[in-house]
Amino acid sequence: MQFLLENGFDVTVSAAETILADFRDEMRKGLAGEGTLPMLVSPFPMRQRPPRDCEVPAFDVGGTNVRSARVVFNAGGRAEIRNMLRGRMPGSQGLVDKAAFYKTLCDVLQPNIRAGETMGYCFSYPATNDGTLLFWTKGIQAPGIVGTNVVKGLTEALDAAGIPGCRMTILNDTVAALLAACTYRPDAEETCAGHVGFILGTGTNAAYGERGALISKHPGLDPEMLYPVNCESGNFTRFPRSRFDELYEAESGNGKGVWERCFSGVHLGPLGTIILREAAGAGLLSPGVSDFVRSRTFTNPELDDFCAGRTPDLFPCGADEAATLVKLIRPIYIRAARFAAVNVAAAALQAADARGAYTGTFRINIDGSTFWKTAAVPFLHLFTEQLTALLRPRSFSSRIIHIDDAPLIGAALAVN
Ligand code: BGC
């Protein structure tokens, strides 16, 4: 649509190759402790084999939900999730203080952990290896937790609840997805070029395995081993932004998560709303619809359902204007699929370099509702098309994997 182009919204992502090169440049800088990407390195090396005959408590603090379970690995190393319990992520629906935050976490976790056990703790926010929360993303409102240690906080809360002496291995959800990907065995023979854990849900991020020798900011690592790196790729900044992205940043951004704000679930609704308001300002919409789009902020599920034809009555208009609205909104989903592919390609090519691979198939474990549930466009197809365009000329291909409950399984894998 001309209006989108005029405002710098490039739905075809014509600069994909340049963005990919800049992404990789930022990743390398991050490994040296420079640039914009945190590139948080896990203290444990990657392992290719799952543990056998054991049971591990696992906890997943995600963007929308908190889940706990017992993960049982059988004699063949196959993981089974038992007694999964859920709650809402504290701070996702309004401001919470420290006490309320840990109370919700403990309520969900308590039935699945016993005194003295070691638990896998998947925490889907930027945190250091010892568990210090750097900042919240995904709009979580719990300011009292920022800068504090979420492992210490939870251990103390469990202590107070009568479950003392627990230990925790904390990891990011992308690292959990990465570890789960490493245990995946394809039916057919293929040369594995590397693994990636990618999330596109409420937020977005990627992880891959980097060679210790190439992580110059941590000289103490074993130079031969591969270590999971949580890129916190949502903080990437070197890509062309549209005027709508800039307006959204000016309205509610803080300079962090600039890439994430352009295509993850929690942001697509407000971003789409801005596009509609600007279209109204440019006289592209009827007075009734213009007033309506100015009266409220739409959520991602609302816009997605509308574009998928599930809720044709969302806007007060006839079929012709509804078609215009779809033309305005659908491009945010097309661009999201392409941005996701560029992001994954960057992590995958880093993984290949780390392994010294020049050809082969990447095993890419993807989790998240925006990736798997978006119905406005054929998301997986668009993603794969863009990814293939970036990988094939470099002699690589990809296998997209979706492992159920990857955050809990990956958390359990990190313990053993
Ligand atoms: C967080 C990451 C997380 C990603 C996907 C982002 O908002 O900063 O730590 O991996 O969302 O859940």
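In each ligand, atom 1 is the first atom listed, and ligand 1 is the first ligand listed. All residue numbers refer to positions in the sequence shown, counting from 1. Because the structure is a prediction, the values reported are computed rather than measured. For the numbers below, each heavy atom of this structure counts, side chains included, while hydrogens, waters and symmetry mates do not.
- When side chains are defined from C-beta on, Phe236 does not count as touching Cys231, because their heavy atoms never get closer than 4.5 Å.
- Contact residues of ligand 1 (protein heavy atom closer than 4.0 angstrom to a ligand atom; sorted by chain and number): Ser124, Tyr125, Pro126, Thr137, Lys138, Asn172, Asp173, Thr174, Ile199, Gly203, Thr204, Asn205, Glu232, Glu260.
- Here Phe239 and Phe339 bring their ring centres to under 6.0 angstrom of each other.
- At most 12 non-hydrogen atoms from other residues, nucleotides or ligands lie less than 6.0 angstrom from OH of Tyr358.
- Ring centroid separation for the pair Phe9 and Tyr248 does not come in under the 6.0 Å cut-off.
- Separation of the Phe263 and Phe371 ring centroids does not fall under the 6.0 Å cut-off.
- In this structure, Trp259 and Phe23 have perpendicular ring planes: the angle between them is above 60°, well past the 30° mark.
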